[in-house]
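Order of appearance sets the numbers: ligands from 1, and atoms from 1 within every ligand.
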Amino acid sequence: MPYIEFNNSLRVGNRLMDQEHEMLVGYINQLQKVVEEVADSNVIKQVIRGLVEYSRTHFFVEEELMRAYGYPDSEFHLRAHEGFRANASALVRDMDMGDEIDLGQMLGFLTEWLTDHILNTDVQLADFLRDQTLV
Ligand SMILES: [Fe+2]
Ligand SMILES: [Fe+2]
């Protein structure tokens, strides 16, 4: 699977969101790298934990922005975050219980979910925030 390139096509035009998305993409790429090159389950687990932790922090930041500015589409956006959080919690739980994890499938899911979420959902929040701050 190719690494994700964080280029302008993934930028939503909000400096904070873009910085955090770049960090998340960095985590996914790092995970892919350790899966392919290190293949040590403890290292892989550590990167997965870091990624899940950072995604929680990032979602929290976006959710605070939605609240602070009264974002009208927050319900849909929050549900999307909640779905990801549930998947991530299940993944960490399985991992802690020693279950075998399909790393290829997980990387595919993370890559698809994040790029789709940025391009279709986060971009709308960024557009809304831009309009707010110009008023
Ligand atoms: Fe989001
Ligand atoms: Fe985001």
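Within the model, atoms OG1 of T57 and CZ of F59 stand 10.5 Å from one another, a figure rounded to the nearest 0.5 Å. Residue R93 holds its CZ atom at 10.0 Å from CG of D96, rounded to the nearest 0.5 Å.
Protein N, O or S atom count below 2.8 Å of the Fe ion (ligand 1): the structure gives 5.
Between F84 and W113, the angle of the ring planes lies from 30° to 60°, which puts this pair in the tilted group. Relative orientation of the H77 and Y71 rings is perpendicular, given thresholds of 30° and 60° on the angle between their planes.
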- prompt: Passes salt bridge (Lys or Arg N to Asp or Glu O under 4.0 Å), E53 versus R56? Steps please.
  reply: CA-CA 5 Å; E53 191 73 22; R56 288 182 193 283; 5.3 Å; no
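Under the side-chain hydrogen bond (donor to acceptor under 3.5 Å, both in side chains) criterion, E75 pairs with R79, not counting sequence neighbours.
Among the heteroatoms counted here (N, O or S) of H21, NE2 is the one nearest to the Fe ion (ligand 2).
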